[in-house]
S.K.: 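Take this structure first; my questions come after.
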Amino acid sequence: MAITDSRYLEVLARLQAAATRFRRPPPRLLAVSKRQPAEAIAALHGAGQRAFGENYVQEAMAKQAELAGLADIEWHLIGHLQTNKAREAARHFDWVQSVDRQRLVDALARERSTELPPLNLLVQVNVDDENSKSGCRIDEADGLCDAIASHPNLALRGLMAIPAPHPDFELRRAAFRRMRELFDQLKTDHPGMDTLSLGMSEDAELAVEEGSTMVRIGTALFGKRD
């Protein structure tokens, strides 16, 4: 068994164990493949993984060209997206998890072809109000959800956040819990929302406990990046 296969099975086991322990549905696994070669993605695809997250549009497009024969890969953009890259993102990704402003919503709607399925979007929330982080304020999320829902070629799927990496996990728990409460609140007006993207390699179990439905795992799958 290749080392990637072994890590993949270990991560799946971790998530299943957390779901069982906390009586939650098992979350979807998003393999964060930024700065990983196309061969590593192909290897993990061979082990059974289908959803991959990239931070940079151009890097992802190069990998997509190399992996064109793997038609069932689901590509997620999880990094900050500049509005001038909306055209490429709208045409080359299945999901954009980093929607944080009205201009970006409008640009993605303008560029997403109606011949493609609706583009799945998550509103990124700056839950800890960090100056260095992308994401909208908590009080802006409702308006962005309404804006996404108004476009037939966009699909509002939920929320994403990257809480501050506090050494004290109880502080991370508080951020996860605020996101879950916001998700439940917004879902009242947008019942189609089904995705709360929270948690990474270090705190995946905590995220599952607090209600994450999708975890973004990179290091635990691929090892440390150079």
Side-chain angles (χ1 to χ4, degrees), residues 1-36 39-55 70 72-79 94-95 97-98 120 122-125 127-128 133 135 157-187 192-225:
M1 178 182 293
I3 187 169
T4 302
D5 294 4
S6 176
R7 286 175 174 158
Y8 179 58
L9 294 177
E10 288 172 3
V11 168
L12 291 180
R14 277 180 61 191
L15 298 180
Q16 181 60 60
T20 300
R21 178 182 178 187
F22 301 118
R23 299 181 181 180
R24 297 282 193 183
R28 289 195 68 196
L29 171 61
L30 180 68
V32 178
S33 49
K34 64 178 182 181
R35 299 181 184 170
Q36 299 294 339
E39 302 81 55
I41 297 174
L44 201 54
H45 178 276
Q49 178 65 18
R50 293 295 179 267
F52 292 86
E54 293 284 333
N55 272 43
L70 304 179
D72 58 347
I73 289 183
E74 183 179 278
W75 294 100
H76 293 235
L77 182 64
I78 58 177
D94 304 293
W95 291 63
Q97 296 204 14
S98 49
N120 299 294
L122 300 183
V123 172
Q124 181 177 356
V125 179
V127 64
D128 286 318
K133 288 281 181 68
R157 298 298 297 270
L159 305 177
M160 182 270 264
I162 307 173
H166 294 294
D168 182 350
F169 268 38
E170 287 307 306
L171 294 177
R172 298 194 201 189
R173 182 191 301 280
F176 288 155
R177 192 162 291 176
R178 287 195 298 275
M179 286 300 301
R180 181 70 203 196
E181 291 170 352
L182 179 63
F183 179 80
D184 290 341
Q185 173 189 332
L186 295 175
K187 195 171 179 179
M193 287 175 45
D194 58 4
T195 302
L196 181 59
S197 177
L198 294 173
M200 296 184 280
S201 293
E202 188 179 41
D203 54 16
E205 287 86 354
L206 180 62
V208 172
E209 181 181 2
E210 293 302 328
S212 173
T213 69
M214 178 183 289
V215 293
R216 308 180 302 270
I217 304 290
T219 302
L221 285 170
F222 297 103
K224 291 185 178 180
R225 288 183 292 275

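One is the number of the first residue; the rest follow in order along the sequence. Values below: every heavy atom of this structure, side chains too, minus hydrogens, waters and symmetry copies. A quick note: this is a predicted structure, and the numbers were derived from the prediction, not measured.
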S.K.: Can you classify the ring geometry of W95 versus H76 as parallel (below 30°), tilted (30 to 60°) or perpendicular (above 60°)?
M.R.: parallel
S.K.: I'd like to check the side chain to side chain donor-acceptor pair (under 3.5 Å) partners of D72; sequence neighbours left out, ordered by chain and number.
M.R.: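 With sequence neighbours excluded, D72 shows a side chain to side chain donor-acceptor pair (under 3.5 Å) to H45, R50, given in chain and number order.
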S.K.: Report the residues that fulfil salt bridge (charged side-chain N to carboxylate O under 4.0 Å, His left out) with D94, sequence neighbours left out, ordered by chain and then residue number.
M.R.: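 By the salt bridge (charged side-chain N to carboxylate O under 4.0 Å, His left out) rule, D94 matches no residue at all.
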S.K.: Can you sort out the partners of R157 under salt bridge (charged side-chain N to carboxylate O under 4.0 Å, His left out), two or more places apart, ordered by chain and number?
M.R.: D194
S.K.: Any chance you could lay out the salt bridge (charged side-chain N to carboxylate O under 4.0 Å, His left out) test for E170 and R173, step after step, and finish with the verdict?
M.R.: CA-CA 5 Å; E170 287 307 306; R173 182 191 301 280; 3.0 Å; yes
S.K.: Name all residues meeting the salt bridge (charged side-chain N to carboxylate O under 4.0 Å, His left out) criterion together with E181; count only those two or more places apart in sequence or in a different chain, and write none if there are none.
M.R.: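 Partners of E181 under the salt bridge (charged side-chain N to carboxylate O under 4.0 Å, His left out) test: none.
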S.K.: Tell me every residue that passes salt bridge (charged side-chain N to carboxylate O under 4.0 Å, His left out) with R172, counting only those two or more places apart in sequence or in another chain.
M.R.: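 Once residues adjacent in sequence are excluded, the partners of R172 under the salt bridge (charged side-chain N to carboxylate O under 4.0 Å, His left out) criterion are E202, D203.
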S.K.: With sequence neighbours excluded, tell me which residues meet side chain to side chain donor-acceptor pair (under 3.5 Å) with S33.
M.R.: E54
S.K.: Taking only residues two or more places apart in sequence or in another chain, which ones pass side-chain contact (heavy atoms from CB on, under 4.5 Å) with A17?
M.R.: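 Result, side-chain contact (heavy atoms from CB on, under 4.5 Å) vs A17: none returned.
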S.K.: Quick one: side-chain contact (heavy atoms from CB on, under 4.5 Å) partners of A40, sequence neighbours excluded?
M.R.: Q36, P37, F222
S.K.: Listed by chain and number, what are the side chain to side chain donor-acceptor pair (under 3.5 Å) partners of R177, not counting sequence neighbours?
M.R.: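 Side chain to side chain donor-acceptor pair (under 3.5 Å) list for R177, sorted by chain: E210.
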S.K.: Using side-chain contact (heavy atoms from CB on, under 4.5 Å) as the criterion, list what pairs up with A164, not counting sequence neighbours.
M.R.: D128, E130, H166
S.K.: Excluding sequence neighbours, so at least two apart, what forms side chain to side chain donor-acceptor pair (under 3.5 Å) with Q16?
M.R.: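 Result, side chain to side chain donor-acceptor pair (under 3.5 Å) vs Q16: T20.
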S.K.: Testing T219, V215, I78 for side-chain contact (heavy atoms from CB on, under 4.5 Å) with V32, which one passes?
M.R.: I78
S.K.: Please name all residues satisfying side-chain contact (heavy atoms from CB on, under 4.5 Å) with E205, sequence neighbours left out, ordered by chain then number.
M.R.: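 In terms of side-chain contact (heavy atoms from CB on, under 4.5 Å), with neighbours along the sequence ignored, E205 is linked to R14, A18.
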S.K.: For L159, run the side-chain contact (heavy atoms from CB on, under 4.5 Å) check against L182, T195, L122 and tell me which one passes.
M.R.: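 Among the candidates, only L182 passes.
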